[in-house]
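Letters go in sequence order (proteins before strands), and every chain restarts at 1. None of these values were measured; they are calculated from a predicted model.
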Amino acid sequence: MRLHLADDDAAFRDEMRTFFTTKVPREIRDSVARGAELSRDQYVESHRILNAHGLAVPHWPVEWGGRGWSELRRHIWHEEMQRAAVPQPLVFNTTMVGPVIATFGTQEQKERFLPPTANLDIWWSQGFSEPDAGSDLASLRTSAVRDGDEFVVNGQKTWTTLGQYGDWIFCLVRTDPAAKKQEGISFLLVDMRSPGVEVRPIQLIDGGHEVNEVWFTDVRVPTGNLVGDLNRGWTYAKFLLGNERVGVAPVGQTKRVLAAAKDHARSVELLDDPWVSAKFAELENELLALELTALRVAANSADGRPDPASSVLKLRGTQLQQAVSELVVDLAGRDGVAAFAGQESGVAEWARRATPTYLNLRKASIYGGSNEVQRQIIAKTILGL
Amino acid sequence: MDFTYDSEQRALRDSVRHLVSRAYGEFENRRKAVATEPGYSEDVWRALAEMGVLGLPFDEADGGSGAGPVEVSLVAQELGRVLAPEPFLGSVVVAGGLVAAVGDHAQRRVVLGAVSSGERVLAFVPSLERSPVTSARADQGWSLSGSARTVPHGAGADQLVVAADLPAGGTGLFLVEDDADLLVRQGYPLVDGGRAAHVVLAGTPATPLGDPVDHTAAIRHVLGGASIIAANEALGAMEVAVDSTVHYLKNRQQFGVPLSRFQALTFRAADLYVSLETTRSLVAWATMVLAEHAEDADQVADAAARAGLKVATAGRHIGQEAIQLHGGIGMTAEYSIGSYTAHLTVLEQLFGTGREHLASLAAAIGDHAEGDPLG
């Protein structure tokens, strides 16, 4: 057992810390730290700075820009990025469609898509969920029917995060309606500028526009945009969703938000309140336990296979992320519900954002496999129940 | 950063596990051991001594084997797994730790030599704010007055290590022999079958451990380290409580199916697993802090509070749910699971409660922006 990072890993951490705090523009990092919405341009600018320095897709195969880092280094990279309030490289590109194309795509697809995906020249959206296919994703109905060297796609996707910025969308579509539900699904890449694709905004309970419905009406997609084998899409989707062990729990980010909350507590003279200080101590301790668990998972793995430990990180990580946002609501008091009061109101910005953020983060235990799905995985896969 | 045990540590763990599971793998054996005095198996105690376990943390010059906190923590985990009632924590880790920290050369050699060989069991008597022990110079040396309740193995111990307020201020440490005059010890079993005593000192003759000077810092340091070792014992107990509960859900049939068919139950088992694994991470970290920053009292105290708070929270969660998921059988003394809950409760009360740890962490919350476990 050893507490400290090995010298070279510690040097790596310093290097990451210096990079993230000096190379990514202050205004972008300040926006993230304040919890403000980023513009498309800000996402792209930050992403491209990372990519230019080999820091956007370090986990990809080396020939496509990967770095061959250990999982511990990837963990450090991820934590330092969050700590410095650098926006994560767009996950739809880097941890979702990129690894699927790199693993299952043709050489032609790799050459065509991977470099612009790594550089966010293509902004990818995710087309998985449907109105009747949430946790039960395999019951999806959007169809793709072969017509010569094209598929004709019809149906509706939903919860498409930042779909309003999307250039392309990777979709799970039903290509064999007769097969058992997991077996008739394919993984298809669709240009969102194709005729028949329509993006409609969904307004959320925090007042923001973050997710969308994407409608497909007789959209024609070249068969060359099919990834992997026909009707094997479910396998690729499982690969995509179970691919991550690193960065599953937003530890660095939640720590940063909790540290900022201490300043907020000071500003309203509540840090010495017994309930508040106990709440901080409790959350800080649970976050420490989670951070150490994430380190354990990262430091002790080599094989890169999907790991059910990810479910522990997802479940606990989102619980704590939500709990911290709840504490900020408690600190903000009545100012915390003045969401739309504006700058001139005199209500502090952090307080105005408190309740919208709290409401927005209810999503965290729903997306990416709801926490009930994670409990199911833990019970079945780890405990054998 | 490395959370794994090396091959020697794993070998130590395996031999201790082999020994204690032969003794207490059948829960009935543990029930028998705690039903008669001295409340544990002298055979097991002897075997632990022969294996070198009782001298593990002490210097070789003092009759020990000079191992570190990681080795000691592994022993504690194994004892926790079977609820071994032997006085390892109280005698070796706490009282032995105090002798090692402040005893003079001869005291360390004689006392720790006898502890390591299993001939002598020690108990630590604290001086608490609400029931202080005081010391005074007497004709032939020193005498102690005061009392302490619920001193683990206080009645059966061969020698007491007593903390007492010094006439000039501060807290000193003293050795009291088991046949000392004016010493009354009333022993009783604890809720988990362990042993403790009400110890009354009424001008009892005592010998200073080391010099009769203020040892407050050393006491805080040793007790901080001991509560990290106790957290490891609790971790071992929680591991088995979760395993047993999962096993029970798979095998117990109701409504014609195993309980594992009911999602209301399996989801709760999943939450137990999350509690257990996050606790394991924090306890391992605290043990590494103890191993690598043994000289830094503040760091040890902080790690002890963090591990203690987590263990208290998880111990209650796991202890309560383990009984609930077992149903009625979990309420019986004959079946082991309830005793795990009882033991976790005892460990928390004796080594720092969640409330105390939370209060100390809350008091320091403004001292830092965020924590960094890698130091």
Side-chain angles (χ1 to χ4, degrees), chain A residues 1-6 9-10 13 72 75-76 83 252 255-256 258-260 262-263 265-266 271-272 274-282 284-300 309 311-312 315-316 319 371-372 374-380 382-385, chain B residues 1-6 9 70 73 242-243 246 249-250 258-261 263 265-275 277-285 287-289 291-293 305-307 309-310 313-314 357-366 368-375:
Chain A
M1 295 186 108
R2 180 168 44 78
L3 185 58
H4 290 286
L5 290 174
D9 288 329
R13 181 160 87 150
L72 179 59
H75 172 86
I76 293 169
R83 190 172 177 274
K255 279 173 73 175
R256 173 167 51 69
L258 188 63
K262 281 188 193 174
D263 290 336
R266 272 192 199 95
L271 191 57
D272 296 328
W275 185 90
V276 169
S277 61
K279 203 77 196 164
F280 270 106
E282 183 190 311
E284 212 168 69
N285 213 43
E286 288 297 322
L287 264 174
L288 173 64
L290 178 70
E291 178 176 13
L292 290 161
T293 305
L295 267 166
R296 247 176 81 203
V297 172
N300 294 342
S311 292
V312 173
L315 176 58
R316 197 69 192 124
Q319 285 174 335
N371 282 8
E372 288 66 36
Q374 306 303 336
R375 285 190 180 90
Q376 184 76 6
I377 293 172
I378 293 167
K380 257 200 162 63
I382 302 181
L383 302 178
L385 286 168
Chain B
M1 186 93 239
D2 181 5
F3 283 88
T4 57
Y5 299 112
D6 67 29
Q9 289 164 341
V70 175
S73 75
V242 172
D243 280 355
V246 168
L249 292 179
K250 286 177 189 167
L259 291 182
S260 58
R261 293 276 293 276
Q263 202 173 49
L265 308 182
T266 59
F267 272 29
R268 287 161 73 174
D271 284 336
L272 294 182
Y273 180 79
V274 173
S275 258
E277 287 306 312
T278 49
T279 302
R280 187 192 308 283
S281 307
L282 193 41
V283 169
W285 168 80
T287 307
M288 288 190 270
V289 171
E292 293 178 31
H293 299 283
R306 294 187 183 284
L309 173 58
K310 180 66 180 167
T313 311
H357 292 309
L358 183 61
S360 79
L361 292 170
I365 204 71
H368 53 275
E370 59 183 61
D372 177 7
L374 300 176

*Tell me, for A:Glu286 versus chain B, whether the close heavy atoms (under 4.5 Å) come from the side chain, the backbone, both or neither.*
side chain
_Nearest heavy atoms of B:Tyr273 and A:Val312, plus distance in Å_ = CE2-CG2, 3.7 Å
_Audit row: B:Asp372, A:Arg83, salt bridge (charged side-chain N to carboxylate O under 4.0 Å, His left out) steps and yes/no_ = CA-CA 11 Å; B:Asp372 177 7; A:Arg83 190 172 177 274; over 6 Å; no
*With respect to chain B, which residue among A:Thr293, A:Leu315, A:Ile378 yields the maximal number of heavy-atom pairs within a distance under 4.5 Å?*
A:Thr293
*Partner chain A: residue of B:Ala362, B:Ala305, B:Ser281, B:Ser260 with the largest heavy-atom pair count (under 4.5 Å)*: B:Ser281
*Can you see which heavy atom on A:Leu383 is nearest to which on B:Lys250, and at what distance?*
O-NZ, 3.0 Å
*asked:* Are the side chains of B:Phe267 and A:Gln376 in contact, using a 4.5 Å heavy-atom criterion?
replied: yes
*From OG1 (B:Thr278) to CG (A:Leu287), nearest 0.5 Å*: 11.5 Å
*asked:* Quick one, B:Leu361 and A:Glu284 - any side-chain contact, counting heavy atoms below 4.5 Å?
replied: no
_Can a donor-acceptor pair be found, under 3.5 Å and without considering hydrogens, that links the side chain of A:Asn285 to the backbone of B:Arg306?_
yes
*Give, as side chain, backbone, both or neither, the part of A:Ala278 having an atom under 4.5 angstrom from any heavy atom of chain B.*
both
*Under 4.5 Å from a heavy atom of chain A, the part of B:Val289 involved*: both
_Greatest number of heavy atom pairs closer than 4.5 Å to chain A - which of B:Leu265, B:Asp2, B:Asp243_ = B:Asp2
*Looking at B:Ala270 and A:Ala379, what are the two nearest heavy atoms and their distance?*
CB-N, 4.3 Å
_Out of A:Lys255, A:Arg2, A:Glu282, return the one with the most heavy atom pairs under 4.5 angstrom to chain B._
A:Arg2
_Part of B:Ala284 lying under 4.5 Å from any heavy atom of chain A_ = both
_What I'd like to find out is whether the side chain of A:Leu295 reaches to under 4.5 Å of the side chain of B:Trp285, using heavy atoms alone._
no
*Answer yes or no: is there a donor N or O on one side and an acceptor on the other, between the side chain of A:Lys262 and the main chain of B:Glu370, under 3.5 Å?*
no
*Side chains of A:Arg296 and B:Met1: does their closest heavy-atom pair fall under 4.5 Å?*
no
*Hey, could you give me the CG/CD1 distance between B:Leu374 and A:Ile76, rounded to the nearest 0.5 Å?*
7.5 Å
*Side chain, backbone, both or neither of B:Arg280 within contact of chain A (heavy atoms, under 4.5 Å)*: both
*Closest heavy-atom pair and its distance - A:Leu385, B:Ala269*: CD1-CB, 3.6 Å
*For B:Ile365 and A:Ser277, which heavy atoms make the closest approach, and how far apart are they?*
CG2-CB, 4.0 Å
*Would you confirm whether A:Arg266, through its side chain, and B:Gly366, through its main-chain N or O, come within 3.5 Å as a donor-acceptor pair?*
yes
_Greater than 12 external heavy atoms within 6.0 Å of A:Asp272's CG_ = no
_Using a 4.5 angstrom heavy-atom cutoff, name the option from B:Glu292, B:Glu277, B:His293, B:Gln263 with the most pairs to chain A._
B:Glu292
*asked:* Need one label for B:Val70: side chain, backbone, both or neither, based on atoms under 4.5 Å from any heavy atom in chain A.
replied: side chain
*Where do A:Arg316 and B:Val274 come nearest, in terms of heavy atoms and distance?*
CD-CG1, 3.7 Å
*Indicate yes or no for a side-chain donor-acceptor contact from A:Glu291 to the backbone of B:Pro373 under 3.5 Å, with no hydrogens or angles considered.*
no
